[in-house]
**Student:** 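Below are the structure tokens for one structure; questions will follow.
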Amino acid sequence: MTTGGAGNEYPDFHDAGWTRGLFRPLLIAMVSVGLVAGPLSIVQAVTGWRLSYFLPLALVAALESIYSTGRLGRPKWRDRRGLLYRLGELVALFVVLRLLVWRFGTSMPGLAEFQLWLRHPSAFLDDQFVLSGLLLLLAWGLAVAIAGDFLELAIQPDEVAAQESHAWGETSSEFRAFRPTTRADIVGRFMSRWSWGGILLVFFAALSRLDVGLGEKGNLRLGLGQLGLPPEILAALLAYFLGGLLLLSQARLAMLRGRWYNERLTIQPSVLSRWQVSSFFALLLIAAVAALLPIGSTSWLSLVLTTVIAFLARVIYLIVMLFAFLLGLLFYPLHFLSTNDTQQPAPELPKMDVPSQAQMASRLPDWLGGALVWLLVAAIAAYFLLNYLHAHDLLKGRWLNWLEVLRYWWRSRWARVSRLAHDTAAELRKRLRRPVGLGGIAGPRLVRAGRLQPRERVRYFYLRTVRRAADRGLTRPAHKTPLEFAEDLEKQWPEADVDVDKLTEAFVSARYDRRPIVNTEAYTVQSVWRRVMRALRSRAERRKAPQ
Amino acid sequence: MGDFPIIIVLLVAVAILLRLDFIYYLVYLLAGLYALSFWWTGRNLSRLRVRRLFTDHIFLGETIAIGLEIHNASWWPVPWLRCEEMAPGNLSSGHGLRHIIALRPKERTLLSYEVMGRTRGYYELGPTVLSTGDLFGFTETRGRAEKSDHLTVYPKVIALSQVGLTSRAPYGTIKSQERIFADPARVSGKREYVPGDPLKSIDWKSSAHAATLQVKKLEPAVSLTSMVFLDLHSDAFTRNLLYSASEWGIVVAASLANYLVSQRQSVGLACNGLDPLSARKCWSIAPRLGRTHLMKLLEWLARVQLAETTPLADWLPTATLGLAWGTTILAVTPTGDEAVCRSLHRLLRAGLNPVMLVIEPYAHFDVVRERARQLGIVSHRLADERDLQRWDIGALRVPWHGGMS
């Protein structure tokens, strides 16, 4: 157990004694790869693909994920965005996988493939890439989960704080460390994950003996292809179970270590140093003894068990048959209900949607959608990847300079685009801007005059008049008061000068006077407004007449 | 770990149903490991030998290390062993022994922890609690090394230089002023014969040499053969002083015994308290000389406890039957009540030399002293260490009288 950050008064605690070392990461990687080796052999057997690159890649992926999990668990990495980092990690792995699939599995893509991917992006995800990607994800995820379990099993900073605290002069604080998940639970979780994963692996091992093919009539043919297991499956089973047992021993050590630490027991260093050796030799001993025992069906135990199981199977079969017979007897009187000979109408064929000539002509280029998808995918992947590389401090030197240049270029382009968009939007707003009334009532067309209050109605009539004047080329300047503007109107419309005066006065009174305005007054103003409008219309008609 | 047997059973089923021979190997591996873990853990504890290495007698305030030697007598290693042993509460000077160790086959290891003798007593060390388990988390077992050892912490001993004790036993090593105790073996000089001197005191050789009758001058001497009677009858103590006064009584008895042995006098000890080792309630140790005998007395005093036993006044007549004439009886009693005084008076009349030492800070000690004086018994109040020192210093000022005071 060590702490980091020398010279710091309260350094971050990091259980380096537990997290350091190569033995445990190798075991975790072994178990993860062992688990995917089973399904991989099935895939190989069924499809006949060359997947020799996969296991080394899965091993690298597992080791990388263990390393990443360890780093993410460090106090200094707390602020790293875990999900982004993980996604970046996956993107990097899938990029490598894609390249390996092209290099070893299929063939390097040509121009035709690129064109195909532009039109149909899903064609990029071929079967081999998808299947091996899923298996890689499984290996990677298992390694992350197990590495996370073992990281949680280490001595945690809050436990150290609880033990080293001297609150109220006590040798230890009353506030003991609270662990939402106990170490026993974590070990149980690992154990459960490992054991059920083992059953799954055994199931795949059994499947690997099956011979899948097509019969003479084209139907699927299943058969027992071989008696024994393929060597790679044997290796995977051994790696998975032996590695898992050694990891189980490590988990046990971690659990005890945490318990001993919290109970302040003095631990002799030899306990920790001899643990791995002892567990390894115990396992070796049992493995050697097991190798000497009679294998499989030749042993008397197997024969006895086979007999017992066969007997039990027959008993269960008989019981099921008996129940089925009894049920049949029970429901026999009802059989006539299901014997009417009504013929089912033939299902209607779906109508074909034939596009019209116009629709065909208006369609965009077929590669555009695909290109957009690829752009989006590439941008997201690049973002994740850069985040990942940056977290690992891999972006240095020329790469970093290049990225910086790219970033500045993009920023300048983006700034230009945003400025252009801003200007365009401003221009558009300017064009679309409508005059707003003095009283702040916007959009008189949106208002129905009959539903307004008398005061609002007076203001509405005036504002309509002002708007109409603006349509006629006489816009009210913002600095002019209604009375000043009334003078302008009178100059322009001398035939309606009296009404304009009345309308303006009524508006000023409604806008700035607190006295109540009754309906009759509003009706009077309405008639004035109508006269003004009429005068304007006749003026306009007179102007048009000579033309 | 409850899933493990289920997994084995499932694998067996798969192996049988699918006839996969290699799965049998996995079954053997898992089941073997499971069985080995149980077998190994089960036998580990029974093959361990635990032995304590320590000094079993210490003085008050002394700190010693208790060593615990653990020997793995098996040919199998012990992957981890949790050893816990707590020191008795009064001796604890830390967390005791709380270690996790690993043992190779036939390996011995020595662990230790410290204890400090804070209070006199006879303490049991152990048992050592041991727990171990397997390497894979299938099983754990816990046991105790039942063999317990004992540690004796001697009571506090206050060094006394000269205590005002009297004796009526002749022919000892202590000078006396009583001519009646003149010791013919201790010739201090010669003088002229005067009529009336016994003929046996004439030194004929010196008379021949001086041509006049010379008489040997003999130095009187007494022996202070003593028996300390410690009253630990619980009813005799005032309730609220039960613990402190009884402990102080033990300190007084131990200090007196130490003083008398240092004066080369025989001293014995009798007590009506409980000895937990022998389960005796009224016991006595005959007066003997020497430091070995003193250590024996201190050991008994270390472990004696208060008990509801025979009151001292009732027990004294029978307890003093075997004592020689003139033996000084030092009765360390809490209150010096009338019954004790009368009992001591009977001893006085029987030719013994009783001294009553009252150890409780009794408010009416003058009454007790007067009663004792009237019965011809010397009494002292030794309620605390200061009283004891004062008694010691007073004796230095007042020379030895060699008789009853």
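Reminder, nothing fancy here: chain letters follow the sequence lines and each chain counts from 1.
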**Student:** Tell me, do Arg82(B) and Leu265(A) make a side-chain contact under 4.5 Å, heavy atoms counted?
**Tutor:** yes
**Student:** Report, in residue-number order, which members of residues 25-34 of chain A are under 4.5 Å from chain B by heavy-atom distance.
**Tutor:** none
**Student:** At a heavy-atom separation under 4.5 Å, does Leu272(A) approach chain B through its side chain, its backbone, both, or neither?
**Tutor:** neither
**Student:** Step by step, work out the side-chain contact (heavy atoms from CB on, under 4.5 Å) result for Arg252(A) and Phe138(B).
**Tutor:** CA-CA 9 Å; Arg252(A) 168 71 167 163; Phe138(B) 299 130; over 6 Å; no
**Student:** Only pairs of heavy atoms separated by less than 4.5 Å count here; which of Leu111(B), Val27(B), Leu30(B), Leu81(B) has the most with chain A?
**Tutor:** Leu30(B)
**Student:** Which residues pass the ring-ring contact (aromatic ring centres under 6.0 Å, His included) test with Phe150(A), not counting sequence neighbours?
**Tutor:** Phe190(A)
**Student:** Can you tell me which portion of Thr109(B) sits under 4.5 Å from chain A's heavy atoms? Options are side chain, backbone, both or neither.
**Tutor:** side chain
**Student:** With a 4.0 Å cut-off on N to O distance, would you call Arg264(A) and Glu84(B) a salt bridge?
**Tutor:** no
**Student:** Would you say that Met191(A) contacts Phe136(B) through its side chain, given a criterion of any heavy-atom pair below 4.5 Å between the two side chains?
**Tutor:** no
**Student:** Counting heavy atoms not belonging to Phe281(A), are there more than 12 under 6.0 Å from its CZ?
**Tutor:** no
**Student:** Step by step, work out the side-chain contact (heavy atoms from CB on, under 4.5 Å) result for Phe22(B) and Leu238(A).
**Tutor:** CA-CA 10 Å; Phe22(B) 186 75; Leu238(A) 265 181; 3.7 Å; yes
**Student:** Can you say whether Leu26(B) sits under 4.5 Å from chain A via the side chain, the backbone, both, or neither, judging by heavy atoms?
**Tutor:** side chain
**Student:** Under 4.5 Å from any heavy atom of chain B, what part of Arg259(A) do you find: side chain, backbone, both or neither?
**Tutor:** side chain
**Student:** Any heavy-atom pair between the side chains of Leu103(B) and Gln268(A) that's under 4.5 Å?
**Tutor:** no
**Student:** Can you tell which part of Arg104(B) gets under 4.5 Å to a heavy atom of chain A, answering side chain, backbone, both or neither?
**Tutor:** both
**Student:** For Arg43(B), I'd like to know if atom CZ has over 12 heavy atoms of other residues, nucleotides or ligands within 6.0 Å.
**Tutor:** yes
**Student:** By a 4.5 Å heavy-atom criterion (distance strictly below it), what part of Leu242(A) contacts chain B: side chain, backbone, both, or neither?
**Tutor:** side chain
**Student:** Checking Arg98(B) side chain against Glu263(A) main chain: does a donor-acceptor pair fall under 3.5 Å?
**Tutor:** yes
**Student:** Does Tyr25(B) use its side chain to pair, donor to acceptor, with the backbone of Ala287(A) at less than 3.5 Å?
**Tutor:** yes
**Student:** Output the residues of residues 49-76 of chain B for which the shortest heavy-atom distance to chain A is under 4.5 Å, in residue-number order; output 'none' if no such residue exists.
**Tutor:** Trp76(B)
**Student:** Which distance, rounded to the nearest 0.5 Å, do you find between the CD1 of Ile100(B) and the CD1 of Ile267(A)?
**Tutor:** 6.5 Å
**Student:** Restricting to non-hydrogen atoms, name the atom on Leu135(B) and the atom on Trp275(A) that form the minimum distance, rounded to 0.1 Å.
**Tutor:** O-CZ2, 3.5 Å
**Student:** CD1/Ile286(A) to OH/Tyr34(B) distance, rounded to the nearest 0.5 angstrom?
**Tutor:** 14.0 Å
**Student:** Give, as side chain, backbone, both or neither, the part of Val78(B) having an atom under 4.5 angstrom from any heavy atom of chain A.
**Tutor:** neither
**Student:** Go through the structure and list residues passing salt bridge (Lys or Arg N to Asp or Glu O under 4.0 Å) with Asp134(B), not counting sequence neighbours.
**Tutor:** none
**Student:** To check you understand the geometry: which heavy-atom pair defines the closest contact between Ile101(B) and Val271(A), and what is its length?
**Tutor:** C-CG2, 3.4 Å
**Student:** Side chain, backbone, both or neither: which part of Leu33(B) has a non-hydrogen atom closer than 4.5 Å to chain A?
**Tutor:** both
**Student:** Take a 6.0 Å sphere around OH of Tyr122(B) and say whether it holds more than 12 heavy atoms from other residues, nucleotides or ligands.
**Tutor:** yes
**Student:** Which atoms form the tightest heavy-atom contact between Ile199(A) and Leu11(B), and what is the distance?
**Tutor:** CD1-CD2, 4.0 Å
**Student:** Measure the shortest side-chain to side-chain distance between Leu256(A) and Trp80(B) over non-hydrogen atoms and say whether it is less than 4.5 angstrom.
**Tutor:** yes
**Student:** Does the salt bridge (Lys or Arg N to Asp or Glu O under 4.0 Å) test come out yes or no for Arg274(A) and Glu107(B), once each step is laid out?
**Tutor:** CA-CA 14 Å; Arg274(A) 289 180 198 166; Glu107(B) 187 182 357; 3.5 Å; yes
